[in-house]
A.B. asks: 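The structure under discussion is supplied below as structure tokens; questions concerning it will follow.
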2 protein chains.
Amino acid sequence: MSRVTLKELAQHLGLAEGTVSRAMNNYSDISPKTREKVQKAADALGYRPNHTARRLATGRAEAVAYLMPTSSSAISNPFVSQLLEGLGDALSKRAWDLLVVQPQSAEDELDALRKLVASGKVSGVVLSRPTKVDARIDYLKKTGFPFIVHGRARDSAGYAWYDIDGRQAMMDAVDHLVALGHSKIAFIGAPTYQNFANDRLDGYRAGLAANGLVEDANYISIAELTDEGGERAAFDLLSEPEHPTALICVTDVQAIGALAAIRARGWVPGEDVSVIGYDGVWMGRHANPPLTSMAQPQAHSGRQLGDMLLSIIDGGNPEDFQVLRKAELIRRKSDGPPKLASQKTRQATSREVL
Amino acid sequence: MSRVTLKELAQHLGLAEGTVSRAMNNYSDISPKTREKVQKAADALGYRPNHTARRLATGRAEAVAYLMPTSSSAISNPFVSQLLEGLGDALSKRAWDLLVVQPQSAEDELDALRKLVASGKVSGVVLSRPTKVDARIDYLKKTGFPFIVHGRARDSAGYAWYDIDGRQAMMDAVDHLVALGHSKIAFIGAPTYQNFANDRLDGYRAGLAANGLVEDANYISIAELTDEGGERAAFDLLSEPEHPTALICVTDVQAIGALAAIRARGWVPGEDVSVIGYDGVWMGRHANPPLTSMAQPQAHSGRQLGDMLLSIIDGGNPEDFQVLRKAELIRRKSDGPPKLASQKTRQATSREVL
DNA sequence: CGCTATTCCGAAACCGCTTTCGGAAACAAG
DNA sequence: CTTGTTTCCGAAAGCGGTTTCGGAATAGCG
């Protein structure tokens with residue numbers, strides 16, 4: 001229990017505390033001989049420097065914080081866990097600590113952040129899920145406190161981030177659908193104050209334009225980020241007479257809900273109506289039918305974020321750390337060419353449903 | 001940036017540091033008058049005590065750690081995220097910190113824990129996923145360091161835990177299947193050094209016995225905790241001539257894989273072969289067919305764990321904090337009475353497959 | 001009004017480690 | 001052998017709080 005302290009170690013060695021301390025920290029004004037002697041005695045006695053005292057003396061926190069997203073919907077995202085794992089990994093190389101802070105509410109977020117940087121408990125922060133214009137980012141930029149964000153805000157200049165190009169992904173999705181022969185492509189999105197939702201919607205639109213398709217407001221539905229959200233949105237979208245033949249969803253979770261809505265209408269997803277999700281979660285493989293999706297390269301994002309943050313804390317220029325990765329289409333069974341007879345099918349079924 | 005310090009606050013007030021400190025901490029030897037004066041000045045100047053200094057002086061860490069499970073399989077469990085959320089909640093009431101520590105490997109786990117308690121960085125620990133006999137638990141019990149575990153080891157005495165009764169759940173699952181008419185019930189499990197896997201396997205066996213069924217070693221398959229694991233296990237189980245008519249899986253993830261295996265054989269899950277999972281993850285609703293499962297009451301487990309740990313740190317007796325919750329059967333579409341013609345079907349299909 | 005019992009605050013030691021500063025010891029050069 | 005450098009270590013002052021201890025000021029009491 002009672003740890004061996006620097007003082008004890010020092011008098012055990014017959015040296016001054018300061019000397020021992022400098023020896024442990026590889027100061028150049030300690031002779032190799034004594035340095036070695038100290039080292040040996042140190043791990044003979046099992047000396048471990050008290051982190052708290054060291055922090056206090058140096059002012060360095062040797063810890064970073066992860067600010068949990070508040071709006072982690074019912075479907076608690078597995079991303080958090082993966083991300084933390086990677087972060088922990090990156091930090092463990094320096095034996096730094098990882099603090100997880102959980103704002104009480106969305107409004108509390110900025111305040112929690114303020115307190116955090118003021119507290120000096122950490123020397124860097126990682127943020128998740130930025131909003132379109134994110135007060136936290138603005139605050140951190142202003143103070144110059146080291147941070148990195150997973151994702152990015154609409155304004156992506158002047159800070160470090162790691163993101164997947166959701167805009168491009170959605171353009172690709174549209175391209176794919178068009179290549180398949182679709183022209184009536186709808187989008188199920190999420191509230192665009194979340195910037196990732198905004199990016200992806202934007203990509204959908206850009207994709208439409210790039211293919212000479214005109215955007216139809218009735219083909220865009222903003223829904224909750226849950227399976228039910230996707231389900232309801234899909235259901236509504238499909239009840240129009242001129243209903244779309246393909247659905248792009250901002251999220252796999254929604255897409256899986258959309259699948260259910262299609263089946264509920266008596267149609268078969270991937271034949272009567274195509275759907276493409278985004279994320280590439282493992283579950284997609286087991287959806288009914290298996291979900292085609294724009295898959296994010298999840299691998300080691302946490303690790304990368306950690307390494308980048310560390311570099312920034314070391315004095316690196318945040319702007320040098322902006323990495324944009326690509327999502328890849330993984331085709332499964334929920335997409336296909338549009339049914340030629342879709343017109344007939346639609347009328348039959350709508351009678352049936354009503 | 002430069003925080004206002006106690007000394008500054010003190011001389012601003014014309015009081016001694018110690019006095020101000022005691023005033024802030026509600027010592028009884030401070031007159032209400034000065035206490036109030038101090039309070040007012042404090043938040044006028046925006047004084048926030050330096051956490052690190054306080055820690056050093058008091059020896060209290062005001063933080064707890066969550067030891068991440070190392071073996072978080074590819075399917076990163078969303079549990080972690082939920083649990084952290086709850087923990088954070090519980091801690092925020094006291095403004096304590098939550099540290100997440102990530103052991104480098106399974107072997108490193110005990111060592112990491114040792115370092116952690118030795119470091120004095122936290123005043124309590126929460127553990128996850130105990131093994132059947134868990135060295136971490138033994139260690140913590142011996143040292144008397146406050147901790148709580150999510151789940152429990154085979155020996156559940158002498159420490160605090162929060163667990164779901166997996167044994168009972170599996171007995172219930174067997175009962176349910178038997179009531180449906182099944183007698184050839186197989187089990188897909190996980191390596192039993194993980195105690196939850198052990199408990200559930202045990203429950204399966206007990207359920208069999210309670211229903212007068214004899215256990216058949218060929219009906220028990222230990223697989224990886226992934227969809228593929230469940231898929232392979234189910235496939236093998238179903239290739240026996242006297243194959244089971246029902247599968248109980250230690251995990252929904254496996255069960256979803258098992259569903260795939262059944263479909264791959266050309267059978268329909270829930271009719272030709274029943275399967276019951278465990279966990280009640282949201283995805284089960286969208287499996288093909290929707291998965292019947294023993295659902296855990298996930299709600300607020302993190303919060304509860306946090307509150308309990310806090311109580312223990314406050315001096316509570318760990319043995320007073322052992323809570324066992326029940327899992328509930330949620331029926332969806334993957335279970336049903338056994339097919340009478342199962343014999344015929346099996347033969348036909350096995351030819352087909354071979 | 002004097003004396004004891006309270007109430008309230010100041011002073012100082014301490015928590016464990018870092019870091020600056022100055023000087024003793026050791027060595028080189030003149 | 002002195003003087004001038006280097007090399008290496010000791011001493012001490014923090015870092016920003018907490019907590020014990022003793023005493024001054026105030027109050028209570030006869």
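To find a chain, count down the sequence lines: A is the first, B the second, and so on, and within it residues start at 1. For clarity, every value in this text was computed on a predicted model and none was experimentally measured.
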A.B. asks: Using five pairs at each end of the helix from dC1(C)-dG30(D) to dC27(C)-dG4(D) to define an axis, what is the angle between those two axes, to 10°?
C.D. replies: 60°
A.B. asks: Between T5(B) and dG17(D), is there a side-chain N or O to OP1/OP2 distance below 4.0 Å?
C.D. replies: yes
A.B. asks: Which pair of heavy atoms, one from T70(A) and one from P103(A), lies closest together, and at what distance?
C.D. replies: CG2-CB, 3.7 Å
A.B. asks: Rounded to the nearest Å, what distance is computed from the OH atom of residue Y27(B) to the P atom of nucleotide dC21(D)?
C.D. replies: 12 Å
A.B. asks: Between L9(A) (CG) and dT18(C) (C1'), how many Å, whole number?
C.D. replies: 15 Å
A.B. asks: What pairs meet the salt bridge (charged side-chain N to carboxylate O under 4.0 Å, His left out) rule with one or both residues in residues 47-68 of chain A, with sequence neighbours excluded?
C.D. replies: R54(A)-E62(A), R55(A)-D97(A)
A.B. asks: Please report, rounded to the nearest Å, how far the C1' atom of dA25(D) is from the NZ atom of K33(B).
C.D. replies: 12 Å
A.B. asks: Check side-chain hydrogen bond (donor to acceptor under 3.5 Å, both in side chains) between Y66(A) and all other residues, then give those that pass, not counting sequence neighbours.
C.D. replies: S128(A)
A.B. asks: Take atom CG of L56(A) and atom C1' of dC15(D), then tell me their distance rounded to the nearest Å.
C.D. replies: 4 Å
A.B. asks: So which atom in Q104(A) and which in S92(B) form the shortest heavy-atom distance, rounded to 0.1 Å?
C.D. replies: NE2-OG, 3.2 Å
A.B. asks: Using heavy atoms and a sub-4.0 Å distance, could you list which residues of residues 39-53 of chain B are near DNA chain C? By number, please.
C.D. replies: none
A.B. asks: Specify the separation, in whole Å, of atom CG of N25(A) and atom P of dT18(C).
C.D. replies: 5 Å
A.B. asks: In plain terms, say whether K142(A) and D138(A) are close enough for a salt bridge, that is, a side-chain N and a carboxylate O under 4.0 Å apart.
C.D. replies: no
A.B. asks: Show me the pairs that pass salt bridge (charged side-chain N to carboxylate O under 4.0 Å, His left out) and involve residues 21-30 of chain A, at least two apart or across chains.
C.D. replies: R22(A)-D29(A)
A.B. asks: Measure CG/L6(A) against P/dC15(C) and give the value in whole Å, please.
C.D. replies: 13 Å
A.B. asks: Collect all protein-nucleotide pairs involving nucleotides 23-27 of chain C in which both atoms are nitrogen or oxygen and the distance is under 3.5 Å.
C.D. replies:
none

A.B. asks: Output every pair passing side-chain hydrogen bond (donor to acceptor under 3.5 Å, both in side chains) with a member in residues 8-18 of chain B, not counting sequence neighbours, ordered by first then second residue.
C.D. replies: none
A.B. asks: In this structure, how many angstroms lie between the P atom of dG17(D) and the CZ atom of R60(B), rounded?
C.D. replies: 15 Å
A.B. asks: Under 3.5 Å, which donor-acceptor pairs do the side chains of residues 149-159 of chain B form with other protein atoms, sequence neighbours left out?
C.D. replies:
from	atom 1	to	atom 2	distance (Å)
R152(B)	NE	D163(B)	OD2	2.7
D155(B)	OD1	A157(B)	N	3.0
Y159(B)	OH	A153(B)	N	3.0
Y159(B)	OH	D155(B)	O	2.8

A.B. asks: Which residue, L13(B), I30(B), T34(B), forms the side-chain contact (heavy atoms from CB on, under 4.5 Å) with T19(B)?
C.D. replies: I30(B)
A.B. asks: Any chance NZ of K93(B) has more than 12 other-residue heavy atoms, nucleotides or ligands included, within less than 6.0 Å?
C.D. replies: yes
A.B. asks: Using a cut-off of strictly less than 4.0 Å, decide whether T58(B) has a side-chain nitrogen or oxygen near OP1 or OP2 of dT18(D).
C.D. replies: no
A.B. asks: So, using side-chain hydrogen bond (donor to acceptor under 3.5 Å, both in side chains) as the criterion, who are the partners of R325(A) when residues are at least two apart?
C.D. replies: Y162(A)
A.B. asks: Under the side-chain hydrogen bond (donor to acceptor under 3.5 Å, both in side chains) test, which residues partner D43(A), sequence neighbours left out?
C.D. replies: none
A.B. asks: List the protein contact pattern of nucleotides 7-13 of chain D with one symbol per nucleotide (5' to 3'): B for base contact, S for sugar-phosphate-only contact, - for none; contact means a heavy-atom distance under 4.0 Å.
C.D. replies: -BBBB--
A.B. asks: Of all residues at least two apart in sequence or in a different chain, which pass the side-chain hydrogen bond (donor to acceptor under 3.5 Å, both in side chains) check with K115(A)?
C.D. replies: none
A.B. asks: Output the rounded distance in Å from CZ (R55(A)) to P (dG14(D)).
C.D. replies: 24 Å
